[in-house]
Amino acid sequence: MNIKGSPWKGSLLLLLVSNLLLSHYIHNLSSEMFSEFDKRYTQGRGFISKAINSCHTSSLATPEDKEQAQQISQKDFLSLIVSILRSWNEPLYHLVTEVRGMQEAPEAILSKAIEIEEQTKRLLEGMELILSQVHPETKENEIYSVWSGLPSLQMADEESRLFAYYNLLHCLRRDSHKIDNYLKLLKCRIIHDNNC
Amino acid sequence: MDLWQLLLTLALAGSSDAFSGRETTAAILSSVSQSLLSVNPGLKTNSSKKAKFTKCRSPELETFSCHWTDAVRHGLKSPGPIQLFYTRRNTEEETQEWKECPDYVSAGENSCYFNSSFTSIWIPYCIKLTSNGGTVDENCFSVNQIVQPDPPIALNWTLLNISLTGVHADIQVRWEAPTNADTQKGWMVLEYELQYKEVNETQWKMMDPILSTSVPLYSLRVDKEYEVRVRSKQRKYENYGEFSEVLYVKLPQMSQFTCEEDFYFPWLLIIIFGISGLTVMLFVFLFSKQQRIKMLILPPVPVPKIKGIDPDLLKEGKLEEVNTILAIHDSYKPEFHSDDSWVEFIELDIEDPDEKTEGSDTDRLLSSDHKKSHSNLGVKDGDSGRTSCYKPDMLETDFNANDIHDGTSEVVQPQRLKGEADLLCLDQKNQNNSPYHDACPAIRQPSVIQAEKNKPQPLLTDGAESTHQAAHIQLSNPSSLANIDFYAQVSDITPAGSVVLSPGQKNKAGISQCDMHPEMISLCQANFIMDNAYFCEADAKKCIPVAPHIKVESHTEPSFNQEDIYITTESLTTTAGRPGTAEHVPGSEMPVPDYTSIHIIQSPQGLILNATALSLPDKEFLSSCGYVSTDQLNKIMP
């Protein structure tokens with residue numbers, strides 16, 4: 001399982017597995033949050049076709065299919081995951097603030113958003129730790145995508161505002177699935193030598 | 001013309017078997033279908049049903065395909081060839097270009113197949129169906145959302161064990177993930193759902209989704225045949241794939257003779273017997289003459305009884321008395337037991353200080369080991385002059401002043417305060433002072449809170465508030481106060497040693513004079529321990545006239561009148577005898593009223609106790625700021 005001289009000590013492997021579990025949890029929550037939001041606010045509005053526009057993390061060069069994911073190096077993979085997670089710090093924070101400030105804030109959605117924000121922070125810390133231990137040569141790169149969607153969340157026009165939320169939650173679900181998949185791949189690659 | 005084309009293509013298709021290639025056939029077939037579609041373009045279909053997407057599916061998260069229905073057409077007529085265009089957002093491209101479907105064939109008829117080079121996960125795709133240039137249907141999705149795995153393969157079962165009776169058996173069912181789903185590299189994680197049933201049943205039994213590829217089935221009947229099927233879905237997603245092939249399970253029979261193992265517990269019999277037995281027992285006890293057993297089974301319900309109330313009172317309808325008693329019991333805590341305890345408090349016995357209950361103010365004030373050094377009233381009968389509704393304040397400030405937060409004093413507090421509060425408000429009731437009912441509940445609060453053992457702080461505020469409230473009440477209704485006894489005061493001490501209480505009169509709440517003259521406070525401070533909440537009026541007066549003499553002096557007397565001086569029935573002013581400071585206030589030789597009254601000062605939240613005016617105004621006697629010590633009192637009293 002481990003090549004001798006590999007920096008993947010037992011504790012790091014455990015950390016990787018626990019991060020994977022955490023990302024499962026986050027992905028679950030964000031899927032539920034999205035479907036609850038869609039059911040309650042935007043069902044039937046056909047926002048899905050408009051959502052072809054951008055998630056803010058699209059600018060990051062992430063693998064988009066299995067081949068690309070298999071070809072990317074472990075170091076780059078880990079760095080990418082960290083970048084994605086970092087990019088979500090601010091949007092999640094604003095999401096929670098905005099939803100909380102809503103009149104009749106939907107409790108189910110708000111509680112999930114708060115939980116996702118917290119767990120994402122933990123996941124980011126865990127992944128940063130792994131990266132610094134396994135690849136200490138990577139300089140502390142602060143690469144991440146800037147999110148500038150806050151004004152759209154605060155728009156007065158209800159339709160535009162709802163679409164902004166829809167887009168954000170849609171992107172969150174997508175990115176949480178991405179991270180979940182990436183971590184699964186890493187786990188099978190590192191721990192089980194591609195033989196899960 | 002068109003018909004000829006059709007016949008020609010059909011002939012070609014028939015003869016193409018000789019040629020190579022499925023692709024050729026497929027191409028021809030597709031072209032045939034295209035031409036079929038294009039036959040009679042001029043004729044419009046009668047049906048208004050358009051072509052639309054039925055399903056887009058990715059079995060393994062690497063490729064996907066989309067299917068649609070043809071437009072319903074009558075008489076082989078169709079508006080035009082249906083085409084599928086797709087677009088996907090790439091980071092490099094800014095514009096959305098619609099590209100045509102790369103493969104119309106591989107996924108079957110009316111489908112478009114996107115192989116792995118055309119498939120990107122997590123990137124939104126939009127597809128549209130066009131016919132004759134016009135968009136017929138449109139849809140957008142991400143590939144990770146349309147995953148529907150293939151059915152599991154290689155189902156088999158093995159026997160685990162058979163029960164001793166040979167009637168039931170357990171088996172283990174195993175299967176494998178579909179081949180195209182890459183679970184080894186972790187690209188897909190699948191969840192499985194197993195369903196089984198007896199062969200002749202119609203309802204499938206479902207098991208909970210599991211992640212592993214084998215599951216045991218327990219307690220299958222050996223003499224029956226079962227069917228098992230499994231389906232899979234991607235974990236955390238909703239869409240299940242198709243069911244696998246059905247697996248038939250036929251269990252080996254151990255013996256020819258299968259015994260009927262089923263045992264039906266005779267619930268009905270048990271219930272019937274149980275109920276009848278219980279009924280019999282009940283009747284026996286009910287009609288039994290044995291009182292003891294009857295008491296055991298059906299104990300007598302206690303008649304409601306209120307302590308201190310004679311049931312005869314209720315019968316005779318003396319509601320007023322009953323109400324009084326009830327109110328007492330109602331408002332006071334259970335520690336306040338006996339009916340006549342307030343009488344006990346009033347009737348003081350100087351010779352017997354121990355007679356007081358432990359919650360008595362007197363003990364606290366008089367006991368030598370108590371922590372407060374200043375709070376000596378000196379009067380052994382502690383109730384004298386203290387039965388006023390502001391008692392709790394006094395006690396509070398006392399505690400506050402000493403900054404006592406330890407448990408013991410707090411424990412003692414509730415009882416004392418409560419006792420006092422009881423006294424005070426009882427007194428009020430005795431005097432029938434209805435306006436004070438407003439004040440009293442407010443005052444009662446401290447006792448209630450104290451009983452709950454809070455810190456003195458809130459009490460203090462409460463007490464202070466209540467005093468202010470009372471004061472405000474006072475202020476607002478000066479006329480109505482004329483006959484109101486806010487404080488009960490000791491008006492006389494009988495030779496026997498009991499103290500006679502009489503109602504006092506109060507003008508209004510006081511504002512601390514000391515406040516107005518801050519420079520004198522330092523003077524006052526020199527004389528007092530500042531945290532000592534007890535000021536005597538005499539010393540307070542010292543504070544007042546010291547600096548601006550004339551001005552203050554002129555106000556001294558009337559100001560006292562206006563401030564918060566208790567005027568007794570006997571005296572006009574309540575200027576107490578001052579030790580050695582007679583020159584400040586005129587009329588210092590006024591007969592000191594023989595009561596102690598409580599003078600509230602707002603800001604230090606202390607109390608000034610007016611010195612009791614005893615029949616022997618004695619300087620010596622009044623040396624300690626008007627407080628009379630026990631010894632002194634004994635000297636005075638015969």
Side-chain angles (χ1 to χ4, degrees), chain A residues 16-17 20 23-32 34-35 38 46-70 84 145 167 170-171 173-196, chain B residues 53 56 58 60-64 86-98 114-128 135 137-147 177 180-191 211-213 234-239:
Chain A
L16 181 63
V17 171
L20 177 60
S23 80
H24 280 343
Y25 180 50
I26 294 171
H27 175 53
N28 234 13
L29 282 177
S30 50
S31 300
E32 281 174 18
F34 174 77
S35 48
D38 190 26
F47 280 168
I48 178 75
S49 46
K50 293 197 231 164
I52 192 163
N53 292 324
S54 69
C55 292
H56 68 293
T57 48
S58 301
S59 56
L60 296 167
T62 52
E64 298 294 350
D65 60 30
K66 196 172 85 171
E67 284 81 33
Q68 290 177 20
Q70 284 177 311
I84 298 175
S145 301
N167 206 29
H170 181 259
C171 289
R173 183 175 76 156
R174 187 196 85 155
D175 282 352
S176 63
H177 182 242
K178 246 194 202 179
I179 289 172
D180 194 36
N181 238 35
Y182 292 167
L183 282 173
K184 261 185 297 189
L185 285 169
L186 272 177
K187 172 200 168 220
C188 286
R189 199 199 278 191
I190 293 164
I191 298 178
H192 303 280
D193 203 17
N194 274 336
N195 199 6
C196 266
Chain B
F53 288 113
C56 286
S58 169
E60 75 290 72
L61 209 61
E62 293 169 47
T63 65
F64 74 100
Y86 75 96
T87 180
R88 68 175 177 187
R89 200 185 170 280
N90 272 341
T91 49
E92 301 92 38
E93 300 166 19
E94 288 301 324
T95 57
Q96 289 179 27
E97 278 177 21
W98 290 95
F114 295 82
N115 62 20
S116 52
S117 57
F118 287 98
T119 308
S120 301
I121 323 296
W122 303 299
I123 287 183
Y125 279 79
C126 278
I127 51 172
K128 67 177 180 185
T135 304
D137 196 8
E138 204 170 327
N139 209 342
C140 292
F141 55 87
S142 287
V143 177
N144 50 304
Q145 294 170 280
I146 56 168
V147 174
N180 51 8
D182 191 348
T183 48
Q184 279 193 341
K185 295 204 188 72
W187 184 242
M188 281 189 84
V189 175
L190 294 175
E191 220 168 34
L211 289 169
S212 59
T213 55
Q234 200 184 24
R235 194 171 168 206
K236 307 272 195 297
Y237 282 85
E238 314 87 29
N239 298 324

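Naming convention: chains lettered A, B, ... in sequence-line order (proteins, then strands); numbering from 1 in each chain. Computed from heavy atoms alone, side chains included, the values below leave out hydrogens, waters and symmetry copies.
Taking the six-membered ring for Trp and thresholds of 30 and 60 degrees, Trp122(B) and Tyr182(A) have ring planes more than 60 degrees apart, a perpendicular arrangement.
Note that NE2 of His27(A) is 4.0 Å distant from OH of Tyr237(B), once rounded to the nearest 0.5 Å. Taken to the nearest 0.5 Å, the CG atom of Asn195(A) stands 4.5 Å off from the CD atom of Gln184(B). Between the NZ atom in Lys178(A) and the OG atom in Ser142(B) there is a gap of 10.0 Å [rounded to 0.5 Å]. Rounding to the nearest 0.5 angstrom, the gap separating the OG1 atom in Thr63(B) from the CG atom in Asp65(A) is 11.5 Å.
Leu185(A) approaches Lys185(B) most closely through the heavy-atom pair CD2-O, 3.2 Å. Summarising the geometry of Gly186(B) relative to Cys188(A), their closest heavy-atom pair is CA-SG, 3.5 Å, with the distance given to 0.1 Å. Minimum interatomic distance between Thr183(B) and Cys196(A) (heavy atoms only, all atoms of both residues): O-CB, 3.5 Å.
Checked against Glu64(A) for a side chain to side chain contact (heavy atoms under 4.5 Å, CB included), the options Ile123(B), Val143(B), Thr119(B) give a single hit: Ile123(B).
For Gln234(B), the part sitting under 4.5 Å from any heavy atom of chain A is the side chain, from C-beta outward, and nothing else. Heavy atoms of Gln68(A) lying under 4.5 Å from chain B are absent altogether. Interface remark: His24(A) contributes backbone and side-chain atoms alike to the contact with chain B (heavy atom separation under 4.5 Å). Interface remark: Ala69(A) contributes side-chain atoms only to the contact with chain B (heavy atom separation under 4.5 Å).
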Worksheet item: Hey, mind stepping through Asn144(B) and Asn181(A) against side chain to side chain contact (heavy atoms under 4.5 Å, CB included) and telling me if it holds?
Response: CA-CA 11 Å; Asn144(B) 50 304; Asn181(A) 238 35; over 6 Å; no
Discussion item. What verdict does the side chain to side chain contact (heavy atoms under 4.5 Å, CB included) test give for Gln145(B) and His177(A), after you've listed the backbone C-alpha separation in whole Å, the side-chain angles of each residue and the deciding distance to 0.1 Å?
Written reply: CA-CA 10 Å; Gln145(B) 294 170 280; His177(A) 182 242; over 6 Å; no
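For the pair Lys66(A)/Met188(B), no side-chain contact is recorded, criterion being any heavy-atom separation below 4.5 Å from C-beta on.
Note on Leu61(B), Ile121(B), Val189(B): by heavy-atom pairs under 4.5 Å with chain A, the leading option is Ile121(B). By number of non-hydrogen pairs under 4.5 angstrom with chain B, the leading residue of Gln70(A), Glu67(A), Lys187(A) is Gln70(A).
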